[in-house]
Amino acid sequence: QVQLVESGGGLVQAGGSLRLSCAASTRTLSSYSLGWFRQAPGKEREVVATISWNGDNTIYTDSVKGRFTISRDNAKNTVYLQMNSLKPEDTAVYYCAAANNPFGTSRREAYDYWGQGTQVTVAS
């Protein structure tokens, strides 16, 4: 029932920044936990960051702590991922996902709805 659409990916030089956006096109996300996941070539899909319904509970994977920030605007039905100090190893397809609970979780299996992904490429 939830349709998610990511945008904001692209090619950036190492050390640069990008902001990803994910908008729900079919229903509100106000009661959902939201997350960003990524899948690099030859790698499994991994969690990047998650956020609870009110934004008070955020979780980041160790490799992006201090560089990435997840936020949400429930009035706009949108979640963001601000990515700073990008590294070549951040190169991946980034996916937005929604979990049907308000509390926040990094467990991939809790996420029921997924966007189509947006490519982020960081050049050295």
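- Here the OG-CD distance, from S17 to Q82, works out to 6.0 Å after rounding to the nearest 0.5 Å.
- Contact detail for R72 and I51: the closest heavy-atom pair is NH1-O, 3.6 Å.
- Under a 3.5 Å cut-off, the side chain of E6 and the backbone N or O of G117 do form a donor-acceptor pair.
- Of all heavy-atom pairs spanning L4 and Y113, the tightest one is CD1-O, 3.6 Å.
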Problem set entry | Verdict with reasoning, R38 to Y95, per side chain to side chain contact (heavy atoms under 4.5 Å, CB included) | CA-CA 6 Å; R38 67 186 181 187; Y95 298 89; 5.9 Å; no
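- The two residues S33 and P102 have their closest heavy-atom pair at OG-C, 3.6 Å.
- Among all heavy-atom pairs drawn from V5 and Q116, the shortest one is CA-OE1, 3.7 Å.
- No side-chain heavy atom of R108 sits less than 4.5 Å from a side-chain heavy atom of E46.
- S31 contributes atom OG, which lies 12.0 Å from atom CG of N54 (distance to the nearest 0.5 angstrom).
- Within the model, atoms CZ of R67 and OH of Y60 stand 12.0 Å from one another, a figure rounded to the nearest 0.5 Å.
- Between the side chain of Y111 and the backbone N or O of T105 there is at least one donor-acceptor pair closer than 3.5 Å.
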For this session: Mind running side chain to side chain contact (heavy atoms under 4.5 Å, CB included) on L11 and Q119 for me, showing each step along the way?
Result: CA-CA 8 Å; L11 174 64; Q119 176 70 46; over 6 Å; no
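- Among all heavy-atom pairs drawn from C96 and V79, the shortest one is SG-CG1, 3.6 Å.
- Few gaps surround CD on E109; more than 12 heavy atoms of other groups in view lie less than 6.0 Å from it.
- Under the 4.5 Å side-chain criterion, counting only non-hydrogen atoms from C-beta, L20 is in contact with V120.
- Contact annotation: the side chain of N100 approaches that of Y32 to within less than 4.5 Å [non-hydrogen atoms, C-beta and beyond].
- Judged by a 6.0 Å distance limit and a 45° cone about the ring axis, R45 is positioned over the six-membered ring of W114.
- Grouping the Ile, Leu, Val, Met, Phe, Trp and Tyr side chains by contacts below 4.5 angstrom, directly or via other members, places L81 with V12.
- W36 and L34 fall within the same hydrophobic cluster, defined by Ile, Leu, Val, Met, Phe, Trp and Tyr side-chain heavy atoms under 4.5 Å apart, directly or through other members.
- Residue L18 is tested with L86, T118, T121, D90 for a side-chain contact (heavy atoms from CB on, under 4.5 Å); the sole match is L86.
- Proximity of M83 to V122: side-chain heavy atoms (C-beta onward) are nowhere separated by under 4.5 Å.
- Between the side chains of T78 and D73, no donor-acceptor pair of N or O atoms lies under 3.5 Å.
- Side-chain contact between V2 and D112 is absent, with no heavy atoms from C-beta onward closer than 4.5 Å.
- The minimum heavy-atom distance between F37 and V47, with the atom names listed, is CD2-CA, 3.4 Å.
- Residues N84 and F68 are not in side-chain contact: their nearest non-hydrogen atoms beyond the backbone lie 4.5 Å or more apart.
- Taken to the nearest 0.5 Å, the NZ atom of K87 stands 8.0 Å off from the OG atom of S63.
- To the nearest 0.5 Å, atom CZ of residue F103 and atom OG1 of residue T50 are 14.0 Å apart.
- Between Y80 and S21, some side-chain heavy-atom pair lies under the 4.5 Å cut-off.
- Proximity of a side-chain donor or acceptor of S52 to a complementary backbone N or O of G104 within less than 3.5 Å is not detected.
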